Amino acid sequence: MNVFRIPEFLSEEEAAICYERVLEIEDDLMALGEHNYPSVKGDKLTGRYQYYNALQDKVVGPIVLPKYLVLFGRGKWLQAWFNAFRKGDRIEPHKHFDRRDPLQVNMHPFTSCNLYLGGDCSSGTIYEGKTYENHVGELLIFHAGITHWTETYEGDDVRVTMATDIHVRKNNPVMFKLK
């Protein structure tokens with residue numbers, strides 16, 4: 001299993017700007033449609049991933065996109081969404097790519113990322129049973145077929161991350177092409 005870490009992918013200031021922006025637009029994103037993600041219980045922001053692309057946000061996009069362009073190159077198709085977990089929330093073990101899923105049988109394998117924007121860093125993110133500590137502004141890159149999850153969030157603030165899937169082809173209408 002390979003999980004690659006890029007510490008300080010965002011500066012603390014950039015991460016704070018993105019963190020505040022997610023909290024500012026959370027209600028608007030929640031209003032886009034019904035929660036539709038079985039690995040997160042309750043009515044949460046994660047379940048709105050299919051309705052928008054976080055990289056098209058007027059605040060977050062200009063901060064993150066130039067860095068993604070350098071890292072992944074032109075022509076890749078990205079789908080990004082925000083996760084906001086409060087005390088008692090968690091994401092169950094899941095993977096973004098599974099050939100056994102009939103909807104993904106013809107899909108090319110792809111890469112996923114998790115960008116930690118803020119919140120209590122004491123709980124990590126677990127990839128195939130190994131816990132990776134959270135660090136504000138750090139980007140973790142991994143194969144989309146790796147099972148990952150979090151334990152129950154115990155912080156008194158909001159744990160905010162941005163997840164991104166990087167594809168070679170457009171697979172859904174909210175994907176954004178790096179140019």
Side-chain angles (χ1 to χ4, degrees), residues 4-37 39-40 42-87 89-91 94 96-97 107 110-121 125 134-142 144 148 150 153 155-179:
F4 299 98
R5 301 176 90 144
I6 302 179
E8 300 174 12
F9 181 75
L10 296 184
S11 69
E12 285 189 26
E13 180 182 351
E14 289 170 324
I17 290 168
C18 293
Y19 179 89
E20 291 301 324
R21 177 64 176 170
V22 173
L23 296 180
E24 177 185 329
I25 64 172
E26 184 178 13
D27 288 342
D28 293 334
L29 295 175
M30 293 287 287
L32 292 175
E34 294 294 316
H35 174 91
N36 185 20
Y37 196 68
S39 292
V40 174
D43 190 23
K44 307 294 177 203
L45 187 56
T46 303
R48 273 47 179 210
Y49 72 95
Q50 72 271 25
Y51 303 122
Y52 71 99
N53 193 315
L55 295 169
Q56 292 178 304
D57 180 75
K58 67 181 183 181
V59 174
V60 175
I63 294 171
V64 177
L65 278 171
K67 297 170 189 261
Y68 273 2
L69 183 59
V70 169
L71 191 59
F72 300 114
R74 295 183 191 286
K76 298 295 188 301
W77 288 92
L78 308 180
Q79 179 175 0
W81 62 96
F82 300 118
N83 303 292
F85 292 155
R86 289 168 173 80
K87 186 174 268 193
D89 293 338
R90 69 175 296 207
I91 191 163
H94 69 286
H96 298 194
F97 178 72
M107 189 182 290
F110 56 95
T111 300
S112 294
C113 301
N114 185 37
L115 179 58
Y116 199 82
L117 299 175
D120 183 339
C121 291
T125 303
N134 295 315
H135 300 282
V136 172
E138 183 171 73
L139 182 70
L140 276 72
I141 305 169
F142 56 98
H148 55 288
T150 66
Y153 188 64
D156 290 324
D157 52 8
V158 184
R159 178 190 193 271
V160 176
T161 63
M162 184 177 80
T164 306
D165 289 339
I166 300 97
H167 296 263
V168 295
R169 326 192 143 98
K170 186 174 185 177
N171 294 317
N172 66 57
V174 300
M175 287 186 136
F176 179 84
K177 189 173 188 177
L178 279 175
K179 298 178 184 181

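Everything numeric here is computed off the predicted structure, so don't read it as measured data. Values reported hereafter were calculated over all heavy atoms of this structure, with side chains retained and with hydrogens, waters and symmetry mates removed.
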- Just wondering, do Ile141 and Leu71 contact through their side chains at under 4.5 Å, heavy atoms? yes
- Message: Within the 4.5 Å heavy-atom criterion, are Leu115 and Thr164 side-chain neighbours or not?
- Response: no
- Message: Please determine whether the number of non-hydrogen atoms from other residues, nucleotides or ligands lying under 6.0 Å from atom CD of Glu34 exceeds 12.
- Response: no
- Which pair of non-hydrogen atoms, one from Cys18 and one from Leu10, has the smallest distance, and what is that distance? SG-CD1, 4.3 Å
- Those residues at least two apart in sequence (or on a different chain) that pass side chain to side chain donor-acceptor pair (under 3.5 Å) with Arg90 are none
- Item | Residues that His35 engages under ring pair (Phe, Tyr, Trp, His ring centres under 6.0 Å), provided they are two or more places apart | none
- Note on the structure: Distance col, row Ile63:CD1 vs Ser11:OG, nearest 0.5 angstrom, shows 8.0 Å
- Item | Set of ring pair (Phe, Tyr, Trp, His ring centres under 6.0 Å) partners for Tyr51, sequence neighbours left out | none
- Can you tell me which residue pairs pass the salt bridge (charged side-chain N to carboxylate O under 4.0 Å, His left out) test with a partner in residues 45-62, sequence neighbours excluded? Arg21-Asp57, Asp43-Arg48
- Task: Output the distance between atom OG1 (Thr150) and atom CD1 (Ile91), rounded to the nearest 0.5 Å.
- Result: 6.5 Å
- Starting at CD of Glu138, measure out to OG1 of Thr161 and round the result to the nearest 0.5 Å. 13.0 Å
- Query: Side-chain contact, heavy-atom cut-off 4.5 Å: Val158 with Val22?
  - Reply: no
- Query: Could you state the interatomic distance from OG1 (Thr111) to NE2 (His96), rounded to the nearest 0.5 Å?
  - Reply: 12.0 Å
- Can you tell me how far the CG atom of Leu178 sits from the CG atom of Leu78, to the nearest 0.5 Å? 4.0 Å
- What is the distance from atom CH2 of Trp77 to atom CD1 of Ile166, rounded to the nearest 0.5 Å? 14.5 Å
- Using a 4.5 Å cut-off on heavy atoms from C-beta on, say whether the side chain of Phe110 contacts that of Asn171. no
- Tyr116 and Phe9: ring pair (Phe, Tyr, Trp, His ring centres under 6.0 Å), yes or no, with the steps? CA-CA 10 Å; Tyr116 199 82; Phe9 181 75; over 10 Å; no
- When every non-hydrogen atom of Cys113 is compared with those of Phe72, the smallest separation belongs to SG-CZ, 3.5 Å
- Message: Test of understanding: with side chain to side chain contact (heavy atoms under 4.5 Å, CB included), list the residues that count as partners of Asn172, not counting sequence neighbours.
- Response: Gln79, Val174, Met175
- Please report the closest heavy-atom contact between Asp120 and Gly155, naming both atoms and the distance. OD2-CA, 3.7 Å
- Stepwise, does the side-chain contact (heavy atoms from CB on, under 4.5 Å) test hold for Asp165 with Trp81? CA-CA 9 Å; Asp165 289 339; Trp81 62 96; 3.5 Å; yes
- Partners of Tyr153 by ring pair (Phe, Tyr, Trp, His ring centres under 6.0 Å), sequence neighbours excluded? none
- Message: Holding to side chain to side chain donor-acceptor pair (under 3.5 Å), I want the full list of residues that pass it with Asp89, two or more places apart in sequence or in another chain.
- Response: Lys44
- Tell me, do Thr125 and Asn114 make a side-chain contact under 4.5 Å, heavy atoms counted? yes
- Those residues that, when tested against Phe176, pass ring pair (Phe, Tyr, Trp, His ring centres under 6.0 Å) (two or more places apart): none
- Task: Mind jotting down which residue pairs meet the salt bridge (charged side-chain N to carboxylate O under 4.0 Å, His left out) criterion with at least one end in residues 64-76? Sequence neighbours excluded, please.
- Result: Glu14-Lys67
- Message: Please determine whether the number of non-hydrogen atoms from other residues, nucleotides or ligands lying under 6.0 Å from atom CD of Glu12 exceeds 12.
- Response: no
- Not counting sequence neighbours, which residues clear salt bridge (charged side-chain N to carboxylate O under 4.0 Å, His left out) with Asp156? List them please. Lys87
- Query: Tyr52: what forms a side chain to side chain donor-acceptor pair (under 3.5 Å) with it, not counting sequence neighbours?
  - Reply: none
- On a heavy-atom basis, the closest approach of Ala144 and Ser112 is CB-OG, 3.3 Å
- What heavy-atom pair brings Phe82 and Ala54 nearest, and what distance separates the two atoms? CZ-CB, 3.3 Å
- Item | Pairing residues for Thr46 by the side chain to side chain donor-acceptor pair (under 3.5 Å) criterion, not counting sequence neighbours | Asn83
